[in-house]
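Notes for the one structure printed next.
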Amino acid sequence: MSEIGVFEFKGKRYEFPVEIGTENEIAIEIKRLRGDTGGIITLDPGFKNTGSCKSEITFLNGEKGILRHRGYAIEDLAKKASFLEVAYLIIFGELPTQEQFAKFEADIKKNTLVNEEIKDILDGFPRAAHPMGVLSSLTSALTAFNPEYTDVHSEEEMYDAITKILGKFPVLAAWAHSKNEGAPLNYADNSLDYIENILMMMYKVPTTAYKGNPIVKKAMEQLLILHQDHEQNCSTSTVRLVGSSHASLFASISAGVSALWGPLHGGANQAVIEMLEEIIKGGGDVEKYIAKAKDKNDPFRLMGFGHRVYKNFDPRALLIKESADAVLADLGIADPTLEVAKHLEEVALNDPYFKERKLFPNVDFYSGIIYRALGIPVEMFTVMFAIGRLPGWIAQWKEMRMNNEPIGRPRQLYIGKTKRDYKTMSER
Ligand code: CMC
């Protein structure tokens, strides 16, 4: 027998179907609420309790600290698979066979050139422009160079749009970095793999042969895999919402980049390093910052701590902490921010304020330390997150369009003035 959810209001009883997911999550489906009740809606700012869609991509249990993509544990994927293998899995639903993988990689490589006129657009930005703003704008500009409409019900057209954005996005990200540095723009080298290419495009200088570092590449690959998808977070919901108006994949991804930029979302990795550096500069007084974070009159928050969904350890943070230790040791770097971060974590995890609110380190707490060890400048941290998140945005956009989801259009509870008469300026 299927379950029902019951809602009673002013002596009337309304019944709603209950849906149960494959991991036994329960959702009351309230599609008919407004119609049946003659106008009642739900109010849920920040969508803390609202499921916006059904999805087969990622399962996340914040209480138990579980993250799986298409059924595979993030721990396995991060340690055993390559970035593009995980991307294929997330986007198409299954791990690729050797043949499928070879084709996917080759098709992405066919798309690693962007139109030369993009350079003119890049020229127009001030050199100090934040690379996230540049990346968002250039991704949006791709729509001008690729204006053709994608028929999402054509497997071939969808595949073409997907391989196109996977090929071009890292070029734009690397160019955003080169612009900041005043460095020459590099083209992709299709003899390199996806991750090596990103690093090469960011760091190669024309005067010297580029030599990659396998430790850096491995650490970067793992970090980017950990960022690939995280179900209906702010930027992903943005991508789905923009795409629900049938805006193109590129336009939707560009909106996702903007959403990711904020310090409460992907921008937190930059904010964490800035916070750790400030603590060091101020003499390393960790307790002072913990007190600031707890003070309700102080807007300061402990960056890299807390999560909307995880009320336990973020499994990605555990993997990243492990990796931070290994990468710094492998590269022979002694970074004082790692020591401060560990101290901060220890103090916070033993403090009743953080314990009661179930605030644990999130994915961004240690990732900046690794990025820095790998030579990535602070302004580029969130750009790296965006490169990592790209397959997730694509997969979610594709799922939303394939499921013919309706245009996203929330309701509101109006609390403004009721009807009043217009007064001419002299009467006011
Ligand atoms: N420092 C101090 N207090 C905090 C923090 C923090 N980092 N995070 C949450 N709290 C407190 C908050 O003040 C509130 O206290 P009270 O119940 O007394 O009012 C309580 O914990 C619940 O917080 P919330 O703001 O209602 O929780 P939320 O789910 O709306 O916000 C969050 C989640 C991630 C935005 C928030 O924890 C935060 O601002 N963290 C710092 C920024 C950060 O690290 N963001 C990265 C998130 S993970 C990666 C990503 O999404 O890109």
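In what follows, residues are counted from 1 in the order of the sequence shown. Whatever order the structure lists them in is the order used to number ligands and atoms, beginning at 1.
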Residue list, side chain to side chain contact (heavy atoms under 4.5 Å, CB included) with K103, at least two apart or on another chain: D107, Y159
Centroid-centroid distance, Y203 to Y210, less than 6.0 Å: no
Protein heavy-atom partner closest to atom 48 (S) of ligand 1 - residue, atom, separation in Å: H307 CD2, 3.4 Å
N or O contact, L264 vs ligand 1, cut-off under 3.5 Å: yes
Top protein contact for atom 30 (O) of ligand 1, by heavy-atom distance: R308 NH2, 3.0 Å
Atom 46 (C) of ligand 1 within contact range, any protein heavy atom under 4.0 Å: yes
Contact check: G304 vs ligand 1, nitrogen or oxygen atoms, below 3.5 angstrom: yes
Closest approach of any protein heavy atom to atom 34 (C) of ligand 1, naming residue and atom: G306 O, 3.7 Å
Protein contact of atom 26 (O) of ligand 1 - nearest heavy atom, named by residue and atom, plus distance: K48 NZ, 3.1 Å
For atom 32 (C) of ligand 1, the protein heavy atom that lies nearest, with its residue and separation: R301 NH1, 4.3 Å
Residue, atom name and distance, where the atom is the protein heavy atom closest to atom 1 (N) of ligand 1: L302 N, 3.0 Å
CA sep, side-chain torsions, deciding dist, call: Y310, K358, side chain to side chain contact (heavy atoms under 4.5 Å, CB included): CA-CA 8 Å; Y310 290 119; K358 299 191 168 77; over 6 Å; no
Check residues 384-395 and write down every donor-acceptor pair under 3.5 Å in which the side-chain atom is one partner and the other belongs to a residue at least two apart or another chain.
unit_1 : atom_1 : unit_2 : atom_2 : d
R389   : NE     : H227   : O      : 2.6
R389   : NH1    : N233   : OD1    : 3.3
R389   : NH2    : H227   : O      : 3.2
W393   : NE1    : S235   : OG     : 3.1

Nearest-neighbour protein heavy atom for atom 8 (N) of ligand 1, which is reported as residue plus atom name and distance: L359 CD2, 3.7 Å
Nearest-neighbour protein heavy atom for atom 20 (C) of ligand 1, which is reported as residue plus atom name and distance: R357 CD, 3.7 Å
Ligand 1 N/O within reach of A268 N/O, cut-off under 3.5 Å: no
Proximal ligand 1 atoms for G266, defined as those under 4.0 Å from one of its heavy atoms: 52 (O)
Parallel, tilted or perpendicular, as decided by the 30° and 60° cut-offs, for the rings of F16 and F7: tilted
Atoms of ligand 1, numbered as shown, that sit under 4.0 Å from any heavy atom of V363: 49 (C)
From F300, F354, Y366, F360, residue fulfilling ring-ring contact (aromatic ring centres under 6.0 Å, His included) relative to F305: F354
Atom indices of ligand 1 within 4.0 angstrom of H265 heavy atoms, with elements: 46 (C), 50 (C), 51 (O), 52 (O)
Main-chain N/O of L192 paired with K109 side-chain donor or acceptor, under 3.5 Å: yes
For Y353, atoms of ligand 1 separated by under 4.0 Å from a heavy atom: 2 (C), 3 (N), 4 (C), 11 (C), 13 (O)
Residue F385 vicinity, atoms of ligand 1 by number, heavy atom under 4.0 Å: 52 (O)
Centroid-centroid distance, Y289 to H343, less than 6.0 Å: no
